[in-house]
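Notes follow once the structure below has been shown.
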Amino acid sequence: MDPQKNKLFVLRNRINEADDIATFKFMPVKGKNLPFIAGQFVNVYFLDNRCGGQGKPYSISSIPSDKFLSITVKKIGKFSGALHDLKIGERVKITEPQGYFCPENQMKNIVFLAGGIGITPFYSVIKDYFSKKADKNLFLFYGNKTKKDAVFLKELSDLAKSWERLKIINAFTREPILPSDKKCVTISMNVKNEFKRIDVKMLKKHLKNLNNKHYFICGSIGFVTDLWKELKENQIKEDYIRVESFY
Ligand SMILES: Cc1cc2nc3c(=O)[nH]c(=O)nc-3n(C[C@H](O)[C@H](O)[C@H](O)COP(=O)(O)OP(=O)(O)OC[C@H]3O[C@@H](n4cnc5c(N)ncnc54)[C@H](O)[C@@H]3O)c2cc1C
């Protein structure tokens, strides 16, 4: 990593999104925010020897036109725990945005498959497209154990209500409040809730057919591998599938 490309940021705000998930809003200490493409990630470093001087990657959950840069972090281990302990006003180093997990201009029909915290890059891409009223058809399949675990549920639902090009299928696997028949529930015209894990059968049901679509899969290694395999078994060519696993 080139230290010249690091920039100092200060934590300005923190939003608790779920029990163990928070959004951290950073502002550059000097100058402008880092330019990035929605879908990219940054590496975050503490200024002291916390976490042995090692940095970790986090997808950017804000959009390029925002004044701040935000990441949304699930507390699961040492580094994410230290981020959750960060105080407002503390500084961190953030590297130049990286990664190619960004849909290309010519992609018109895009299917996002998010497992839990794997929603972060898609949240940025969807908000960015919404702000530009992009000429795209977006489908988001968002898997979580329960509604309580699912971050940005309301924000995404509100976007889908006011933008007919975005369709959302939430998939809850352990939601305690289930409809008696566990059948798909329509929340609004563009938002539906399913009560099982995301699989190709679910995709076929809501997409009608799997062809002529670009698939982006993000989440744990297990989530990404399972769905990638299922899509391949259903004759989706590798060129049409992009993945990012949070390890
Ligand atoms: C491109 C990219 C983008 C990412 N974006 C995001 C994002 O937007 N949001 C996000 O939250 N994460 C994201 N991640 C994941 C993030 O980089 C970290 O990997 C994550 O926060 C976990 O780091 P940690 O140090 O807190 O956990 P670690 O300490 O590395 O722990 C990881 C796992 O190991 C287990 N573990 C830890 N210590 C032990 C032990 N002693 N014995 C047994 N098990 C143990 C933990 O329970 C946990 O399940 C992204 C990763 C990549 C590659």
Side-chain angles (χ1 to χ4, degrees), residues 1 5-6 9 11-26 33-34 36-64 66 68-87 90 92-103 112-128 140-146 148-153 155-156 173-174 215-228 241-247:
M1 185 199 51
K5 300 211 165 147
N6 290 340
F9 278 76
L11 180 64
R12 283 277 181 241
N13 196 6
R14 171 208 174 112
I15 300 158
N16 293 327
E17 309 281 5
D19 277 355
D20 51 357
I21 303 177
T23 293
F24 299 91
K25 290 189 173 187
F26 294 99
N33 206 346
L34 293 167
F36 68 94
I37 303 168
Q40 287 190 306
F41 66 89
V42 288
N43 283 298
V44 181
Y45 290 81
F46 295 107
L47 299 189
D48 54 23
N49 216 22
R50 238 173 304 179
C51 301
Q54 294 287 317
K56 287 240 168 163
Y58 291 94
S59 298
I60 303 169
S61 56
S62 47
I63 60 172
D66 285 333
F68 54 85
L69 183 139
S70 76
I71 56 172
T72 302
V73 179
K74 183 172 173 130
K75 184 175 170 178
I76 60 164
K78 218 174 160 185
F79 199 92
S80 53
L83 273 173
H84 273 250
D85 290 340
L86 208 63
K87 306 271 179 296
E90 266 197 85
V92 293
K93 253 191 244 170
I94 292 184
T95 57
E96 255 196 330
Q98 313 168 37
Y100 302 95
F101 199 56
C102 313
F112 301 114
L113 307 175
I117 193 63
I119 190 68
T120 50
F122 302 148
Y123 187 52
S124 175
V125 172
I126 290 170
K127 282 187 296 176
D128 189 42
L140 168 67
F141 290 78
Y142 184 19
N144 281 282
K145 285 184 189 146
T146 69
K148 262 180 72 192
D149 302 303
V151 297
F152 308 134
L153 212 53
E155 292 86 342
L156 285 163
T173 52
R174 291 191 215 161
Y215 295 86
F216 285 75
I217 318 174
C218 187
S220 66
I221 294 175
F223 178 86
V224 168
T225 315
D226 286 357
L227 282 167
W228 184 84
I241 314 174
R242 303 251 181 111
V243 301
E244 187 146 273
S245 8
F246 287 1
Y247 51 84

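In what follows, every heavy atom counts, from backbone to side chain, and hydrogens, waters and symmetry copies are set aside. Order of listing sets the numbers, starting from 1, for every ligand and every atom in it. Residues: numbered from 1 along the sequence shown.
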Minimum non-hydrogen distance to atom 46 (C) of ligand 1, winning option of Val73, Ile76, Val42, Ile117: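 Looking at heavy atoms only, Ile76 sits closest to atom 46 (C) of ligand 1.
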
Evaluating non-hydrogen atoms only, which member of Gln54, Lys56, Lys78 is closest to atom 30 (O) of ligand 1?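 It is Lys56 that holds the nearest heavy atom.
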
Mind checking whether Phe101 and Phe122 have parallel, tilted or perpendicular rings, split at 30° and 60°?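 Judged by the thresholds at 30° and 60°, the geometry between Phe101 and Phe122 is tilted.
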
Would you call the rings of Phe9 and Phe26 parallel, tilted or perpendicular if under 30° counts as parallel and over 60° as perpendicular?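 Geometry flag for Phe26 against Phe9: perpendicular rings.
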
May I ask you to identify the nearest protein heavy atom to atom 31 (O) of ligand 1, giving residue, atom name and distance to one decimal place in Å?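 Here the nearest protein heavy atom works out to Gly77 CA, 4.1 Å.
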
State which residues pass salt bridge (Lys or Arg N to Asp or Glu O under 4.0 Å) with Glu155; sequence neighbours excluded, sorted by chain then number.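 Scan of Glu155 (salt bridge (Lys or Arg N to Asp or Glu O under 4.0 Å), adjacent residues dropped) gives none.
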
Under 4.0 Å from ligand 1, counting heavy atoms only, is it the side chain of [X], its backbone, both or neither?
X: Thr120; answer: side chain
X: Phe101; answer: neither
X: Thr72; answer: backbone
X: Lys75; answer: neither
X: Ser61; answer: neither

Is at least one protein non-hydrogen atom found at under 4.0 angstrom from atom 25 (O) of ligand 1?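 Given the 4.0 Å cut-off, atom 25 (O) of ligand 1 counts as touching protein heavy atoms.
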
Using distance alone, determine whether [X] and ligand 1 share an N or O pair under 3.5 Å.
X: Glu244; result: no
X: Phe79; result: yes
X: Phe41; result: no

Should Gly99 be listed as contacting ligand 1, given a heavy-atom distance under 4.0 Å as the test?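 No; Gly99 lies far enough from ligand 1 that no heavy-atom distance drops under 4.0 Å.
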
Provide the number and element of each atom of ligand 1 under 4.0 Å from a heavy atom of Ser245.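 Those atoms are 53 (C).
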
Exam field: side chain Ser124 to backbone Ser62, donor-acceptor pair closer than 3.5 Å: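 Looks like yes, one N/O pair under 3.5 Å.
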
If we check side chain to side chain contact (heavy atoms under 4.5 Å, CB included) with Val224, which of these qualifies: Leu113, Ile241, Ile217?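 With Val224 as partner, Leu113, Ile241, Ile217 yield a single side chain to side chain contact (heavy atoms under 4.5 Å, CB included), made by Ile217.
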
